Amino acid sequence: MTDAIDPHALSEEDFHAEVHSFQFWLEAVEGYLAGTEFGFDAGQTDETFTLPELSDLITTLCNYCVAEKTALEASSGMIRFAPSPDAAIFLSTQVADEGRHLEVFVHRLKMLGIEDPWQEIDNRANRSLLQFKDRLLEFVDQQDWEAAIFVQNVLLEAMEFTVFKAHASSADPITSAILAGVVKDERRHMGFGENDLGRKLRQAPHTRTRLNQINKELNPLVLSTFSEIAKELKLNTHQGLSISSNYLATIDRLGFST
Amino acid sequence: MNDPLIDAESLVKKRKKYELTETGFNEVPRKYRKFYRRWRGTGDQLADNEVLCPVCLVVIRSARELRPGDRVYCMPCMSRLTVVEKNGMLIATVVY
């Protein structure tokens with residue numbers, strides 16, 4: 001039996017070193033992924049879908065793949081210009097998470113009868129999400145840490161966290177189990193982004209103006225993506241507003257207007 | 001004659017201690033698990049040693065009663081938080 005350690009007694013320095021470490025990630029994911037195959041219990045049986053339900057689920061999963069591939073490409077590119085070794089190590093764990101997410105969603109598409117998932121993803125990709133991806137990868141190519149961490153780990157991750165959480169509560173059992181595991185990973189990615197950027201904004205308040213412009217440019221794309229996904233998930237107005245309000249709360253905590 | 005310092009100290013109510021046990025929360029290494037639990041949604045109530053993380057919506061638990069000004073950490077989302085009182089309730093705010 002492992003002896004418990006009170007995390008609240010750690011110094012701030014020790015806390016950051018601990019949670020950004022590869023060892024922390026390894027022991028954390030072991031807790032909820034051990035015993036699963038492609039993100040769910042292999043003994044689970046699938047439910048029967050009507051054709052419209054199946055088509056909506058496939059479209060939603062295709063767009064999750066677009067988002068995850070975006071995050072995989074961006075987070076791996078950001079390691080090269082990470083501002084500290086701790087941030088680079090943390091991003092290496094995020095790369096592993098994003099690769100896993102992409103794999104489990106593609107596997108789910110195959111389970112649902114999609115023979116060529118990559119072609120299907122291209123066919124069904126949401127235009128707003130693709131524009132968002134292009135803009136994020138431009139920031140990564142420019143090695144612009146503040147913009148890249150804001151767009152990826154705050155905007156994209158907060159969007160994924162809220163959508164996946166809402167979808168997990170209403171999805172079929174296998175999709176729900178896959179999403180529940182992904183949400184646990186997203187907590188780390190989103191928290192890393194908000195905290196890293198929050199510290200940067202405290203030290204260099206002038207960066208806020210530039211990030212606010214980026215926020216205003218990309219927010220319509222995020223909200224349009226939310227709206228499309230809400231339709232596919234058959235969310236009512238209240239549920240749709242609830243998921244976008246969770247996302248907006250994150251932006252608000254960092255002091256950005258929408 | 002009374003010592004004013006001792007009197008002032010005795011006015012500060014002693015904090016309650018809590019014996020924490022694991023609740024099935026599995027998103028952090030085992031050694032930290034009993035310090036967190038899942039938020040069970042509407043109807044769930046926070047104890048005197050608990051606050052909700054505003055970033056990731058996990059319940060953070062302490063081995064002692066929490067009071068305004070306390071620092072707690074949310075390991076699942078890597079946030080440092082301060083406990084504050086708002087409308088008679090204890091809530092956590094992020095400190096960047």
Side-chain angles (χ1 to χ4, degrees), chain A residues 1-12 14-16 18-21 23-34 86 90 154 157-158 161-162 165 169 180-181 183-203 246 249-250 252-255, chain B residues 15 17-42 49-67 69-84 86 90-96:
Chain A
M1 168 108 183
T2 314
D3 287 334
I5 294 175
D6 185 346
H8 313 306
L10 294 173
S11 69
E12 198 180 335
D14 287 345
F15 171 71
H16 284 126
E18 175 72 352
V19 294
H20 291 151
S21 72
Q23 185 63 34
F24 178 89
W25 171 82
L26 201 59
E27 292 178 44
V29 297
E30 185 273 338
Y32 53 91
L33 292 181
D86 277 355
F90 172 78
V154 177
E157 295 293 343
F161 178 74
T162 53
K165 205 161 180 277
S169 66
V183 163
K184 292 172 184 182
D185 295 334
E186 304 296 8
R187 280 203 170 94
R188 290 189 297 275
H189 308 163
M190 186 180 68
F192 174 77
E194 179 171 337
N195 284 287
D196 182 84
L197 198 61
R199 285 190 292 274
K200 290 269 178 329
L201 288 170
R202 201 187 57 200
Q203 290 155 5
N246 285 339
T250 305
D252 186 55
R253 271 197 303 277
L254 285 166
Chain B
R15 292 187 192 225
K17 296 267 172 65
Y18 290 82
E19 191 65 46
L20 300 178
T21 52
E22 283 196 33
T23 59
F25 187 83
N26 58 6
E27 299 179 36
V28 291
R30 187 169 293 282
K31 57 187 176 245
Y32 302 119
R33 284 184 193 163
K34 67 181 185 178
F35 292 92
Y36 302 94
R37 72 168 174 85
R38 291 192 183 89
W39 171 246
R40 294 185 290 266
T42 315
N49 64 327
E50 297 179 330
V51 280
L52 189 65
C53 174
V55 177
C56 73
L57 310 178
V58 157
V59 177
I60 300 163
R61 310 169 79 209
S62 169
R64 59 178 194 163
E65 176 189 346
L66 288 170
R67 295 206 178 153
D70 286 347
R71 179 197 65 192
V72 289
Y73 294 117
C74 182
M75 285 191 142
C77 74
M78 313 177 175
S79 298
R80 178 167 66 112
L81 306 138
T82 296
V83 177
V84 295
K86 193 175 177 187
L90 291 184
I91 60 164
T93 57
V94 194
V95 181
Y96 298 123

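Reckoned from all heavy atoms, side chains included, excluding hydrogens, waters and symmetry mates. Letters A, B, ... are given to chains in the order of the sequence lines, protein chains preceding strands, and every chain is numbered from 1. Bear in mind that the values here come from a model prediction, so they are computed numbers and not experimental data.
In this structure, the side chains of L10(A) and R71(B) stay at 4.5 Å or more apart for every pair of heavy atoms. Within the 4.5 Å cutoff, the side chain of K31(B) has no heavy atoms near those of the D3(A) side chain. Two residues are said to be in side-chain contact when any heavy atoms from C-beta on lie closer than 4.5 Å; C77(B) and F192(A) fail this criterion.
For the side chain to side chain donor-acceptor pair (under 3.5 Å) test, residues two or more places apart in sequence or in another chain that qualify with E194(A) are R253(A), Y96(B). Among residues two or more places apart in sequence or in another chain, the side chain to side chain donor-acceptor pair (under 3.5 Å) test is passed with T42(B) by none.
For R38(B), the part lying near chain A is the side chain, with the backbone staying farther off; criterion is any non-hydrogen pair under 4.5 Å. Contacts between V55(B) and chain A at a heavy-atom distance below 4.5 Å involve backbone atoms as well as side-chain atoms. Within the 4.5 angstrom heavy-atom criterion, only side-chain atoms of I60(B), from C-beta onward, approach chain A. For L197(A), no part sits under 4.5 Å from any heavy atom of chain B, backbone or side chain. Proximity to chain A is absent for every atom of F25(B), based on heavy atoms less than 4.5 angstrom apart.
Of all the listed residues (R188(A), K184(A), R199(A), E18(A)), the one sharing the greatest number of non-hydrogen pairs under 4.5 Å with chain B is K184(A). Top candidate by heavy-atom pairs under 4.5 Å with chain A, chosen from C74(B), A63(B), P54(B), is P54(B). Contact count against chain B (heavy-atom pairs under 4.5 Å) is highest for G31(A) among A158(A), A9(A), G31(A). Counting heavy-atom pairs closer than 4.5 Å to chain B, the top residue among H20(A), E12(A), K165(A) is E12(A).
Taking both residues in full, the closest heavy atoms of F15(A) and S79(B) are given as CZ-O, 3.9 Å, listed atom of the first, atom of the second, then distance. Here the closest heavy-atom approach between residue A4(A) and residue F35(B) is recorded as CB-CE1, 4.4 Å. For P29(B) against F24(A), the heavy-atom pair with the smallest separation is CD-CE1, 3.3 Å.
Between the side chain of R187(A) and the backbone N or O of C56(B) there is at least one donor-acceptor pair closer than 3.5 Å. H8(A) places a side-chain N or O within donor-acceptor distance of the main-chain N or O of R61(B), the cut-off being under 3.5 Å.
In this structure, L81(B) CG and N195(A) CG are separated by 8.0 Å, a value rounded to the nearest 0.5 Å. Atoms CZ and CD, on R33(B) and E27(A) in that order, are 8.5 Å from each other to the nearest 0.5 Å. Here the straight-line distance linking atom NZ of K34(B) with atom CD1 of I5(A) works out to 11.0 Å at 0.5 Å rounding.
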